[in-house]
Amino acid sequence: MKSIAVDTSAIDVLLVEDSPGDVRLTREAFKDAKVHVNLHVASDGAEALAFLRREGEYAGVPRPDLILLDLNLPKKDGREVLAEIKESSTLRSIPVVILTTSASEEDILRSYMLHANCYITKPVDLDGF
């Protein structure tokens with residue numbers, strides 16, 4: 001788990017992404033847009049849920065204001081993570097944006113059926129991001 005320097009006036013964003021390149025693109029996109037965020041990164045679904053539940057090493061982490069969630073993750077995929085977030089009375093109010101390479105109609109419909117707040121297909125470059 002890595003975080004960008006903490007800014008108390010910024011919003012806390014949990015990025016659940018296993019691709020270091022996509023993590024880098026996300027950081028750059030926030031920086032270029034001059035959006036002040038404390039970006040926390042979980043590299044798989046199990047780590048994301050531990051962060052959200054504040055388990056173990058994540059006991060003192062802030063509750064994210066927004067979750068950016070990839071669907072294709074190791075250990076526990078994003079669909080499972082989304083379902084667990086939206087089933088939890090303490091987590092379901094956190095907005096979840098699906099940010100994934102999949103443009104599959106099945107993935108889009110399933111994500112919205114699981115109460116995702118938004119579905120965005122990842123662009124391939126920083127300008128698109």
Side-chain angles (χ1 to χ4, degrees):
M1 176 71 61
K2 296 177 185 169
S3 297
I4 292 179
V6 176
D7 177 350
T8 56
S9 67
I11 64 167
D12 284 291
V13 176
L14 175 60
L15 172 63
V16 188
E17 175 59 65
D18 63 323
S19 166
D22 288 346
V23 171
R24 205 170 320 110
L25 275 175
T26 303
R27 283 189 174 129
E28 287 300 315
F30 280 126
K31 183 179 172 185
D32 289 352
K34 295 179 176 45
V35 176
H36 297 282
V37 300
N38 294 322
L39 187 64
H40 310 275
V41 179
S43 60
D44 62 60
E47 183 181 7
L49 289 169
F51 182 95
L52 290 166
R53 294 175 180 146
R54 298 176 178 160
E55 297 172 342
E57 67 182 282
Y58 306 111
V61 299
R63 182 178 194 268
D65 300 301
L66 174 68
I67 300 167
L68 300 177
L69 178 63
D70 187 15
L71 291 181
N72 303 309
L73 297 167
K75 296 187 182 177
K76 188 173 284 238
D77 83 1
R79 296 156 195 85
E80 294 173 281
V81 173
L82 177 61
E84 289 192 39
I85 290 168
K86 294 304 181 176
E87 288 170 2
S88 167
S89 61
T90 59
L91 301 174
R92 75 172 55 122
S93 64
I94 302 171
V96 178
V97 174
I98 304 300
L99 187 58
T100 188
T101 56
S102 173
S104 156
E105 187 173 331
E106 180 181 340
D107 281 337
I108 295 167
L109 290 174
R110 184 169 178 208
S111 295
Y112 282 121
M113 288 180 71
L114 291 170
H115 305 288
N117 296 82
C118 184
Y119 192 103
I120 300 172
T121 303
K122 288 181 199 172
V124 294
D125 60 11
L126 182 58
D127 289 336
F129 213 83

- Message: Measuring only between side-chain heavy atoms, which start at C-beta, is His40 closer than 4.5 Å to Pro62?
- Response: yes
- Query: Applying the side-chain contact (heavy atoms from CB on, under 4.5 Å) test to Leu52, which of Val61, Val16, Ile67 qualifies?
  - Reply: Ile67
- Item | From OG1 (Thr121) to CD1 (Ile108), nearest 0.5 Å | 5.5 Å
- Message: Hydrophobic clusters here meaning ILVMFWY residues chained together by side-chain heavy-atom distances under 4.5 Å, can you tell me if Ile120 and Val37 are in one?
- Response: yes
- Asp18 and Asp44, any side-chain heavy atoms less than 4.5 Å apart: no
- Might you work through the side-chain contact (heavy atoms from CB on, under 4.5 Å) test for Arg79 and Asp107, ending with a clear yes or no? CA-CA 9 Å; Arg79 296 156 195 85; Asp107 281 337; 3.1 Å; yes
- Is there side-chain contact between Val41 and Arg27, with at least one heavy-atom pair below 4.5 Å? yes
- Query: Taking all atoms of both residues into account, what is the closest heavy-atom pair of Leu82 and Ser111, and its distance?
  - Reply: CD2-O, 3.6 Å
- Between Asp70 and Thr100, is a side-chain hydrogen bond (donor to acceptor under 3.5 Å, both in side chains) present by the stated rule, with each step listed? CA-CA 5 Å; Asp70 187 15; Thr100 188; 3.1 Å; yes
- What is the minimum heavy-atom distance between Ser102 and Tyr119, and which atoms define it? O-OH, 2.7 Å
- Closest heavy-atom pair and its distance - Arg63, Ser93: NH2-OG, 3.0 Å
- How long is the span from the CG atom in Asn72 to the OG atom in Ser19, to the nearest 0.5 Å? 11.5 Å
- Message: Assigning hydrophobic clusters by single linkage (Ile, Leu, Val, Met, Phe, Trp, Tyr; side-chain heavy-atom cutoff under 4.5 Å), is Met113 placed with Leu71?
- Response: no
- Query: How many angstroms lie between OG1 in Thr90 and CD1 in Ile85, if you round to the nearest 0.5 Å?
  - Reply: 10.5 Å
- Ignoring hydrogens and geometry, is there a side-chain-to-backbone donor-acceptor pair from Asp65 to Asp12 under 3.5 Å? yes
- same_hphob_cluster(Ile11, Val23) at 4.5 Å side-chain heavy-atom cutoff: yes
- Item | Lys75 vs Val81 side-chain heavy atoms within contact, under 4.5 Å | no
- Any chain of hydrophobic side-chain contacts (each under 4.5 Å) joining Leu114 to Leu109? no
- Item | Pairwise distance CD(Glu17) to CG(Leu73) - rounded to 0.5 angstrom | 7.0 Å
- Sort out for me which residue in Leu69, Leu66, Leu68 forms a side-chain contact (heavy atoms from CB on, under 4.5 Å) with Val96. Leu69
- How long is the span from the OH atom in Tyr58 to the CD atom in Glu47, to the nearest 0.5 Å? 3.5 Å
- Task: Measure the CG-NZ distance between Leu49 and Lys76 for me, rounded to the nearest 0.5 Å.
- Result: 6.0 Å
